[in-house]
Amino acid sequence: APYCLECFTGRCEKRCRETAADALEEVILAEGPDTVSAFICEPVIGSAGGVVVPPANYWPRVREICDQYGVLLIADEVMSGFGRTGMNFGLDHWNVVPDIMVSGKGLTGGYMPMGAVFARESVVEPIAARGEDVMFYTYSNFPAACAVADKVLEIMEREDLVARAAAMGEQLSGKLARIREHPNVASVRGIGLMWGIELVQDRDTLTHFPAEKRMVNRVMAAGLERGVFFYPGGSGVAQDCVMLGPPFTITDADVDLIVGTLEDSIDAAVARA
């Protein structure tokens with residue numbers, strides 16, 4: 001999406017976040033609809049953007065554009081899926097159903113490496129009608145991984161952990177209010193238990209730290225010294241982003257520990273820069 005740093009902080013006067021979906025249609029028309037097979041994107045952009053939650057009209061408009069031009073919509077729910085955002089899948093927040101969905105991470109709770117691909121019948125039927133084979137590789141359908149996924153999903157349903165992720169996400173959001181006014185924080189953004197804190201050298205001018213400072217890595221190191229691991233992310237206009245993705249079983253005390261340690265770690269990293 002053609003976002004600028006002002007978009008992330010809510011200061012953008014061009015309102016390009018609100019019209020970002022239109023860029024998809026422009027590209028499809030420029031390339032020729034017959035040449036475009038699919039559009040793939042994360043419902044909530046993860047580490048590359050430091051948790052970017054799209055505006056409310058984005059995904060419904062993308063679905064509309066894909067349907068209009070016969071383009072498959074592929075959702076990358078590897079990071080946002082299976083409860084992370086406080087709903088079963090990220091796209092559920094906008095009542096949008098993809099044609100193909102890829103997933104991982106939350107499917108096994110992180111206890112076992114596993115990925116999965118899901119598709120509508122309308123995607124699979126032409127393949128079957130042609131008599132095509134679908135290739136399965138050496139480690140496909142690995143029984144141990146499938147057993148872990150089955151148990152993780154059963155526990156998530158039994159303990160209502162998706163709803164808990166939503167509730168604890170609201171609590172985490174509230175506690176992060178103290179970070180929002182930090183002189184080196186440009187933006188705090190997220191949904192459910194998926195949050196990003198964007199760091200800048202100056203919040204008034206939105207000036208980045210010099211790239212060679214690797215500020216997000218400095219914050220991660222400072223956090224480890226204090227017993228908390230922060231996920232380093234960011235790229236492009238969102239250069240230095242600290243990501244939070246705690247377990248769904250996080251407690252009130254854990255939330256306080258995370259937020260307090262994050263504040264201390266940012267201060268320590270900036271002091272050492």
Side-chain angles (χ1 to χ4, degrees), residues 1-2 19-49 52-110 112-154 156-157 162 191 194:
T19 60
D22 294 336
L24 171 61
E25 184 173 31
E26 291 172 7
V27 172
I28 292 173
L29 291 175
E31 296 294 329
D34 291 343
T35 71
V36 181
S37 297
F39 171 70
I40 181 169
C41 186
E42 295 177 287
V44 178
I45 297 176
S47 59
V52 180
V53 182
N57 67 336
Y58 180 78
W59 278 109
R61 176 64 179 138
V62 166
R63 177 74 273 181
E64 180 181 273
I65 292 169
C66 288
D67 289 341
Q68 180 179 351
Y69 296 104
V71 173
L72 292 177
L73 174 55
I74 304 177
D76 177 353
E77 294 266 14
V78 170
M79 186 168 286
S80 58
F82 292 97
R84 171 56 55 190
T85 65
M87 296 193 77
N88 287 337
F89 298 99
L91 280 184
D92 289 347
H93 290 278
W94 300 280
N95 296 314
V96 171
V97 178
D99 300 301
I100 298 174
M101 182 178 77
V102 295
S103 69
K105 296 184 186 292
L107 179 56
T108 58
M112 176 73 75
M114 187 174 186
V117 179
F118 308 87
R120 289 176 182 257
E121 287 291 335
S122 58
V123 174
V124 178
E125 284 171 355
I127 299 174
R130 284 173 54 89
E132 300 284 354
D133 293 324
V134 177
M135 179 64 182
F136 289 93
Y137 296 92
T138 305
Y139 294 109
S140 295
N141 306 314
F142 181 52
C146 292
V148 171
D150 185 59
K151 177 54 67 173
V152 165
L153 296 178
E154 185 267 317
M156 287 177 63
E157 290 183 353
V162 177
I191 187 169
M194 185 175 176

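Minimum interatomic distance between C66 and L73 (heavy atoms only, all atoms of both residues): SG-CB, 4.1 Å. The two residues A145 and T108 make their nearest non-hydrogen contact at O-CG2, 4.0 Å. Residues G49 and I45 share a closest heavy-atom pair of N-CG2, 3.7 Å. Annotation for G46 and M194: closest pair CA-CE, 3.7 Å, computed over non-hydrogen atoms. Here the shortest heavy-atom pairing between M156 and G106 reads SD-O, 4.4 Å. The heavy-atom pair separating F39 from V71 by the smallest distance is N-CG1, 3.6 Å.
A distance of 9.0 Å separates CD in E42 from CD in E77, rounded to the nearest 0.5 Å. To the nearest 0.5 Å, the span separating CG on L29 from CG on L24 amounts to 9.5 Å. D99 CG to I40 CD1: the interatomic distance, rounded to the nearest 0.5 Å, is 12.0 Å. The CG atom of D67 lies 10.0 Å from the CG atom of L72; values are rounded to the nearest 0.5 Å. The CE atom of M114 sits 10.5 Å away from the CZ atom of F142 when rounded to the nearest 0.5 Å. Annotation: the span from Q68 atom CD to E25 atom CD amounts to 5.5 Å, rounded to 0.5 Å.
Counting heavy atoms from C-beta outward, C41 and W59 have side chains that approach closer than 4.5 Å. Taking 4.5 Å as the limit, some side-chain heavy atom of V162 sits within range of a side-chain heavy atom of N88. For the pair P60/V96, a side-chain contact is recorded, criterion being any heavy-atom separation below 4.5 Å from C-beta on.
In this structure, R63 contributes its side chain and V97 its backbone to a donor-acceptor pair below 3.5 Å. Side-chain atoms of W94 do not come within 3.5 Å of backbone N or O of Y58 as any donor-acceptor pair. Although no hydrogens or angles enter the test, the distance criterion places a donor-acceptor pair under 3.5 Å between the side chain of H93 and the main chain of T85.
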(message) Walk me through whether L153 and L107 qualify under side-chain contact (heavy atoms from CB on, under 4.5 Å).
(response) CA-CA 7 Å; L153 296 178; L107 179 56; 4.0 Å; yes
(message) As a quick check of understanding, evaluate side-chain contact (heavy atoms from CB on, under 4.5 Å) for M79 and V44, giving each step before the final call.
(response) CA-CA 8 Å; M79 186 168 286; V44 178; over 6 Å; no
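Classified by interplanar angle (parallel below 30°, tilted 30° to 60°, perpendicular above 60°), the ring pair F89/F82 is perpendicular.
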